[in-house]
Amino acid sequence: MALLKQLAPELVMRCNAAMLALLQPKNDLRHYLRYHYGDHTFENLYRWNWFDTSLLIPYFVVMIILAFYGLHRYQLVYLYYKHRKNDVKEPPRRFEQLPLITIQLPIFNEQFVIDRLIDACANLDYPRELLEIQVLDDSTDETKEVASAICDRYRAMGHPIVYLHRTNRYGYKAGALDEGLKTAKGDFVAIFDADFVPPRDWLMNVVHHFAEPEIGMVQTRWTHLNRDYSFLTQVEAILLDGHFVLEHGGRSRAGVFFNFNGTAGMWRREVIGQAGGWQHDTLTEDTDLSYRAQLVGWKFKYLQHVECPAELPIEMTAFKTQQARWAKGLIQTSKKILPRVLRSDAPKHTKLEAWYHLTANISYPLMVVLSVLLMPAMIIRFYQGWFQMLLIDLPLFMASTFSISSFYLVSQKELYPRRWYRTFLYLPFLMSLGIGLTVTNTRAVMEALFGIQSSFKRTPKYRVEKRGEKSKAMKYRKRLGIVPWIELGIGCYFAMTIWYAWTNENYFTIPFLLLFVIGYWYTGMLSLFQGRFERWRGGANLDESSPKPYPVGV
């Protein structure tokens, strides 16, 4: 009895504590923090096993590789600012007598934009007697008649314009450019794709940079005619701005190799011959020729302040076609050119930058592997302990993903110092779009790695610039295949991953997983429903292009 009297107060106190614990809400912040980070009941009970190891080894290998490519984006930002003094503006010398220039316009089934392109080139500010315009037409539709009639009209007006039509498309764009060079008269060759509209002063802003005899190519910055057409074109514009500001800007200022972008640039004609000419064994003949030219000693210039506007793809399938062609072409070029670069006497930092540049698209297959392993790895890492995830996983995620945010924020701040902060609204969708391209670009990269050849798939252009304008997209719309359904399926997989994270109160991973869901569903849905919204859109607003982001049907 005496013992019971002594224990009674303590028993009552413990019962009261237990009742309070039961009555206390389980989902408040204090419970969450204590349950996940303060409860050490099961600490050190986890034991490694072969199954977990077999999953985590490829998971961490992929994360580390992606982290290195992410850190490289920071490196480009660093190079851009470190070598700011090397930014090229005015040419150090000028031609006393202007040289003869050939403008090449390679086109294929571009009936909606060919008149705009030829009009712009015919009105360039340059002496007619020193100018030649070649329309290199491989078209198989009505573009042939349209382009030929426009050339006849300008020729009758005294413009030095030549129309060349091929029926075999041998070598695709590279073959057309090479065929045009056989009869070209110019010492310098400017190239514009069908969707570009060079400003009147473009030639005069570029040509004098060739007064330096070691300069072999000059590239100018792309801008965007239809940036405000839709939410998709807004995001595309930010992606391209990052490339043209920080990639081209950082590489050119640091004096390492960078590439001609296939359009809106000018070549010294003798450089093309010395480097081996236009070759069509890759889908990025422009990058291939660029590296061959720089390997034989020619210098390139990038003029960030000289703009050349172009039309962005307005449909998701068109955008994916463009990105897949670039992804496959760069991997093909890396297989062809990187061994020569690594064997050359170029500086080590130039070789390293070439490696990062030409192999960057290998990240797409790695993203597929990461997508498969993310959910099981998250489960395993959760039971191993939150501290390990915080110490190891989080830095790798930050290096591989958040470098994208800083990369594009910096580029927008450079171009639009007064309104760059608006880019924050687009960042989640920009990162999601990059994730959503994984399926299409992975297939392209794997085809390149295994040597599977494919035709040059052009990016369709519809001549739409302002919000509300209707396109004739049905004319060149491509078949969708099974890819959009795969993207939707992967998005559902990540939606289930979010549900699992939520039920296990692993809330910190949900924002990152949402990027995967949005990315795969966005690309999949827009691919399936492309053009559907055109039927429901109201009258065209042809007076002004709204700067506000709004997801117009594309």
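Excluded from the calculations below are hydrogen atoms, water molecules and symmetry mates; all remaining heavy atoms, backbone and side chain alike, are included.
Relative ring orientation between His248 and Phe258 is described as perpendicular, the plane-to-plane angle rising above 60° on a 0-90° scale split at 30° and 60°.
Applying the ring-ring contact (aromatic ring centres under 6.0 Å, His included) criterion to Trp355, with sequence neighbours excluded, gives no partner residue. Residues satisfying the side-chain hydrogen bond (donor to acceptor under 3.5 Å, both in side chains) test with Tyr291, not counting sequence neighbours, are His357. Remark: Lys336 engages Gln279, Asp281, Asp288 in a side-chain hydrogen bond (donor to acceptor under 3.5 Å, both in side chains) (not counting sequence neighbours). Partners of Arg221 by side-chain hydrogen bond (donor to acceptor under 3.5 Å, both in side chains), not counting sequence neighbours, listed by chain and number: Glu307. Scanning for ring-ring contact (aromatic ring centres under 6.0 Å, His included) contacts around Trp326 gives an empty result, with sequence neighbours left out. Qualifying side-chain hydrogen bond (donor to acceptor under 3.5 Å, both in side chains) partners for Tyr78, counting only residues two or more places apart in sequence or in other chains: none. For Tyr408, the ring-ring contact (aromatic ring centres under 6.0 Å, His included) criterion is met by no residue, not counting sequence neighbours. The side chain to side chain contact (heavy atoms under 4.5 Å, CB included) search around Met525 returns Leu488, Phe529, not counting sequence neighbours. Residues that satisfy the ring-ring contact (aromatic ring centres under 6.0 Å, His included) test with Tyr364, not counting sequence neighbours, are absent from this structure.
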May I have the list of side-chain donor-acceptor pairs in residues 428-439 shorter than 3.5 Å, sequence neighbours left out?
from: Ser432; atom 1: OG; to: Pro428; atom 2: O; distance (Å): 2.8
from: Ser432; atom 1: OG; to: Leu515; atom 2: O; distance (Å): 3.2
from: Thr438; atom 1: OG1; to: Ile435; atom 2: O; distance (Å): 2.6

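With ring centers used as reference points, His72 lies under 6.0 Å from Tyr356. For Tyr426 and Phe231, the ring centers sit closer than 6.0 Å to each other.
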Take Phe516 and Tyr493 through the side-chain contact (heavy atoms from CB on, under 4.5 Å) test and state the conclusion after the steps. CA-CA 10 Å; Phe516 284 79; Tyr493 167 78; over 6 Å; no
Assess whether side-chain contact (heavy atoms from CB on, under 4.5 Å) is satisfied between Trp485 and Leu528, documenting all intermediate values. CA-CA 8 Å; Trp485 298 104; Leu528 288 174; 3.8 Å; yes
Please assess Glu414 against Tyr81 for the test side chain to side chain donor-acceptor pair (under 3.5 Å), listing each intermediate value before the final yes or no. CA-CA 11 Å; Glu414 285 293 296; Tyr81 285 113; 3.1 Å; yes
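Within 6.0 Å of NZ in Lys351 there are more than 12 heavy atoms belonging to other residues, nucleotides or ligands.
Among residues at least two apart or in separate chains, salt bridge (charged side-chain N to carboxylate O under 4.0 Å, His left out) pairs with a member in residues 432-452 are Lys328-Glu447. Residue pairs meeting the salt bridge (charged side-chain N to carboxylate O under 4.0 Å, His left out) criterion with at least one member in residues 251-260, sequence neighbours excluded, are Asp87-Arg253, Glu247-Arg251, Arg251-Glu353.
In this structure, Arg419 is positioned above the aromatic face of Tyr416, its NZ or CZ under 6.0 Å from the six-membered ring centre and within 45° of the axis.
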